[in-house]
Amino acid sequence: MNNQELADFLLPKIDKDLTYYETKYPKRPLPETAIVTRYAPSPTGHLHMGAIFACFIEQKMAHQTGGVFFLRIEDTDKKREVENGITNIIQDLNEFNLVIDEGVENETTEKGVYGPYVQSQRQEIYQTFAKYLVANDLAYPCFCSAEDLARDHEIQISSKERQGYYGKWARCRNIPIETAVQRIKNGEKFVLRLKSPGKYERKIRFKDLIKGEIEFPENDIDIVLIKSDGLPLYHLAHLVDDYLMRTTHVIRGEEWLSSVPLHLQLFQVFGFKPPKYAHIPGLSKEEDGNKRKLSKRRDPEAAISYYHQKGIPPEAVLLYLATIANSNFEDWYEKELKEKGCARLENFQLDFKKIGVSAVLFDLAKLTNIVKNYIGRLSAEEVYQKALTYAEKYNSAFAKLLSQDADYSLKVLGIERGGVKPRKDISCFSEVQASIWYMFDELFYAQPLDYQFQTIKEQEEINRLVNTYLEKYFNIDDDKNTWFEKIKQLAAEFGYAREVKEYKANPSNYKGHVGDVSMVLRVITTTQSTTPDLFELLKLLGKTKLQERFAWWQKKLSQHRVSQ
RNA sequence: GGCUCCUUCGUCUAGCGGUCUAGGACAGCGGCCUCUCACGCCGUAAACACGGGUUCGAUUCCCGUAGGAGUCACCA
């Protein structure tokens, strides 16, 4: 029996050849410079930040060159699969606006002519390629059990030999065809292994688009191509899919770097031109003074759900990812904003050469800064919409408040927004309620009695100040200057300095200064000693509410005394 | 352990033999502005892992050492 006959015996149902598929999936009609990339996750749960990072770069590279970005599902390991795995992935991608041009759209549908894009549906194709290898004496059936392999592995470790299925350890490599056939006929399970033509002593050089020139020993390990369940392992699937789907650039995490020699060998064995490889640095986390890979299980910030729950806008996360991808992005972004008034990520040219080579610490502090700036630039309408969407999901009571008088809410969120120096104090939408609650009576009157008065604390003095303000000075139509002028007048009337500087120059001449007076109004209005611009708050709330709140405070205070 | 990659302020980095008394951003600290906070502005502290070479001259090139990361599955 020759190799061709062995191939027919092993895979009798496979009747197509390589040419069939090469014809079915022709080269893409794209310009030379167009980059075709893919994101190829396993459906094992939700994505994590590292995946979004990779995906962002893949999509960006494809789109900025007029290429194609597609999604392939690598579900060849049925053990690890999770229910709704595909849905989870699509959801996460959508949330980050990482739209695909081609590939899997949901659990049941896909678009594009290079499919199927779900690996478990491509079994016949993989087997065709494997059969070709068997027929050409480049693959063989292996009967080693897990125990056999584990034992060899132990021996290799204890004798300090290189680990793997190669050389003398590749015990099934030279089993005569007839023997192999007989064992299969006897019902023995087998896998198909590559008969690696590589020599460990020889070096292979290749150029990674990010890491640069790298030299490796050639691969001489007879890796498993097809598992005993008939499905391929990643390596074969990578070769077949990225060849037939005409991927030009394989962009993936750096954990794949060390399998490049194997992948190159696979392409060489078939005589195919390999894609270009770009291995992106991993996202890491500091722990006990060391860096380690950001872990979905151990680090909450690695999970997409973390951002969702906190209300951190995905657009801003993308801006952060762009700055860690290309450190010049930040400067570019600022410059665009300054020159054009707006900056769009789509207009930035991401550069492989500027992507760092080693793992990057995922810095939540930096992210927060980017988010604050991002939200700070949003219009009141946008903030309102996003805050509402967030609240509808996580805080329905607050969502109700926000929407019951949308116009009012909009004004509250619009305080000190817009203009050249906007507030930048919202770092996530879960914070919104905590920063504006006192603008809503429903929340204001539900708070415990906790007024944060500062310099002026005496009730009598407070009463006099507020009453005088309400009677003599309050006018809803005043502009900011007039308003503040009146506050100064009020201060002077009661023996407080009109200017802080005056007070500081001669503290003994005054009971305090204008700031102390406005602090009283601020605290009566909001209970808080730190708030956005008091003028804006008062204007929004109006005289009646200020009166009501003042009366409430007095009432509470007297109750408080009685109960003591 | 083998293989591979990496090593500039706390973090992300600029630097590609003299321009470096090493630049920026975030975080920190101090100040100014100011009715509080935020914003803004100004300032400050803070790094070339170590040891050898090469060179007139090394952050930059080479070699070691140390440290870190990744990988060595019928997982991707």
Side-chain angles (χ1 to χ4, degrees), chain A residues 40-42 44 74-77 79-80 119 142 144-146 149-150 153 156-158 160-165 189-193 200 208 211-212 214-217 221 223-229 231-235 237-238 252-261 279 281-282 284 286 289-293 320 323-324 326-328 330-331 334 354 356-370 372 376 416 419-426 435 452 454 484 487-488 491 499-500 513-523 526 528-535:
Chain A
S42 302
T44 54
E74 312 223 319
D75 60 342
T76 56
D77 185 2
K79 296 187 294 292
R80 298 198 311 154
Q119 288 186 334
C142 163
C144 291
S145 66
L149 265 17
H153 187 77
Q156 287 170 338
I157 289 176
S158 59
K160 294 190 173 162
E161 285 183 71
R162 188 159 55 89
Q163 294 156 38
Y165 201 85
K189 286 220 165 199
F190 67 96
V191 300
L192 247 31
R193 281 186 186 273
Y200 191 73
D208 184 271
K211 306 237 173 213
I214 302 178
E215 194 175 85
F216 272 104
I221 303 213
I223 54 116
V224 173
L225 264 8
I226 303 275
K227 297 183 282 185
S228 53
D229 65 3
L231 285 167
L233 224 49
Y234 173 84
H235 309 293
H238 157 54
R252 46 154 48 168
E254 67 183 343
E255 68 269 21
W256 288 109
L257 189 64
S258 52
S259 33
V260 170
H279 291 88
S284 63
E286 174 137 24
N290 282 335
K291 273 187 185 179
R292 49 148 252 255
K293 218 169 160 178
Y320 173 57
T323 80
I324 45 181
N326 273 189
S327 63
N328 59 322
E330 241 183 322
D331 288 341
E334 287 303 317
K354 290 199 174 80
V357 287
S358 53
V360 168
L361 221 59
F362 191 78
D363 187 358
L364 277 176
K366 178 80 181 175
L367 207 212
T368 301
N369 172 266
I370 289 174
K372 282 183 174 175
E416 293 178 274
V420 275
K421 292 193 275 183
R423 284 191 87 74
K424 294 179 180 171
D425 51 354
I426 304 178
S435 69
Q452 303 168 9
Q454 303 292 305
F484 194 46
I487 298 291
K488 285 179 178 175
E499 307 286 346
V500 180
H513 56 77
V514 63
D516 298 326
V517 172
S518 52
M519 182 58 77
V520 167
L521 294 173
R522 168 173 292 111
V523 175
T526 67
Q528 304 295 293
S529 57
T530 63
T531 72
D533 187 46
L534 180 58
F535 165 73

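Note on naming: letters A, B, ... go to the chains in the order of the sequence lines (proteins, then strands), and numbering restarts at 1 for each one.
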Whole-Å distance separating the NE2 atom of His238(A) from the C1' atom of rC75(B):
16 Å
Taking C-beta and beyond as the side chain, do His153(A) and Leu149(A) meet within less than 4.5 Å on heavy atoms?
no
Describe the nucleic acid contact of Phe216(A) in one word from base, sugar-phosphate, nothing, applying a heavy-atom distance below 4.0 Å.
sugar-phosphate
Report the distance from atom OH of Tyr234(A) to atom P of rC74(B), rounded to the nearest whole Å.
17 Å
Thr44(A) meets the side-chain contact (heavy atoms from CB on, under 4.5 Å) criterion, sequence neighbours left out, with Ser42(A), Arg80(A)
For Gln163(A) and Gln156(A), indicate whether the former's side chain and the latter's backbone hold a donor-acceptor pair under 3.5 Å.
no
Over all strands shown, is His153(A) touching base, sugar-phosphate only, or nothing at heavy-atom distances under 4.0 angstrom?
sugar-phosphate
Glu255(A) meets the salt bridge (charged side-chain N to carboxylate O under 4.0 Å, His left out) criterion, sequence neighbours left out, with none
For rC72(B), what is the paired nucleotide under Watson-Crick or G-U wobble rules, both distances under 3.5 Å?
rG1(B)
Which part of the nucleic acid, if any, lies within reach of Phe190(A) when heavy atoms closer than 4.0 Å are counted: base, sugar-phosphate only, or nothing?
nothing
Sugar-phosphate, base or nothing in reach of Cys144(A), heavy atoms under 4.0 Å:
base
May I ask you to say what Thr76(A) touches in the nucleic acid, namely base, sugar-phosphate or nothing, with a heavy-atom cut-off under 4.0 Å?
sugar-phosphate
With sequence neighbours left out, the residues meeting ring pair (Phe, Tyr, Trp, His ring centres under 6.0 Å) with Phe535(A) are Trp483(A)
Using a 4.0 Å heavy-atom cut-off, does Glu74(A) contact any base of the nucleic acid, only the sugar-phosphate backbone, or nothing at all?
sugar-phosphate
Sorted by chain and residue number, the side-chain hydrogen bond (donor to acceptor under 3.5 Å, both in side chains) partners of Lys488(A) (sequence neighbours excluded) come out as Glu499(A)
Which comes earlier along RNA chain B counting from the 5' end, the contact point of Arg162(A) or that of Leu149(A), where each point is its nearest nucleotide?
Arg162(A)
When all nucleic acid strands are considered with a 4.0 Å heavy-atom cut-off, which category describes Leu233(A): base, sugar-phosphate, or nothing?
sugar-phosphate
Please enumerate all residues that pass ring pair (Phe, Tyr, Trp, His ring centres under 6.0 Å) together with Phe362(A), with sequence neighbours excluded.
Tyr320(A)
Which residues satisfy the side-chain hydrogen bond (donor to acceptor under 3.5 Å, both in side chains) test with Asp331(A), sequence neighbours excluded?
none
What residues form a side-chain hydrogen bond (donor to acceptor under 3.5 Å, both in side chains) with Lys366(A), not counting sequence neighbours?
Glu330(A)
Sugar-phosphate or base contact per nucleotide [nucleotides 6-12 of chain B; S, B, -; heavy atom under 4.0 Å]
S----SS
5′-ward residue of the pair Glu215(A)/Ile221(A) relative to RNA chain B:
Glu215(A)
So do the side chains of Ile214(A) and Val260(A) get within less than 4.5 Å of each other, counting heavy atoms only?
no
List the residues meeting salt bridge (charged side-chain N to carboxylate O under 4.0 Å, His left out) with Lys421(A), not counting sequence neighbours, and say none if there are none.
none
Watson-Crick or G-U wobble partner of rU7(B), both distances under 3.5 Å:
rA66(B)
Might you list the N or O atoms of the protein lying below 3.5 Å from N or O atoms in nucleotides 60-67 of chain B, with each pair's distance?
none

Whole angstrom is fine here: how far is it from NE2 in His235(A) over to C1' in rA76(B)?
9 Å
Tyr200(A) OH - rU71(B) C1' separation (whole Å)
12 Å
Using the side-chain hydrogen bond (donor to acceptor under 3.5 Å, both in side chains) criterion, which residues pair with Lys79(A)? Sequence neighbours excluded.
Asp77(A)
If pairing requires Watson-Crick or G-U wobble contacts with both distances under 3.5 Å, which nucleotide is the partner of rC56(B)?
rG18(B)
Using a 4.0 Å heavy-atom cut-off, does Arg193(A) contact any base of the nucleic acid, only the sugar-phosphate backbone, or nothing at all?
sugar-phosphate
Just by modelled atom types, is the Asn328(A) backbone N or O under 3.5 Å from a matching donor or acceptor in the Asn326(A) side chain?
no
Arg292(A) CZ to rA69(B) P, in whole Å, measures 11 Å
For rC32(B), give its Watson-Crick or G-U wobble partner with both distances under 3.5 Å, or none.
rG40(B)
Between rA76(B) (C1') and Asp75(A) (CG): distance, integer Å
11 Å
Per-nucleotide protein contact string for nucleotides 31-43 of chain B, where B marks a base within reach and S marks sugar-phosphate only (heavy atoms under 4.0 Å, - for neither)
--SSBBBBBS---
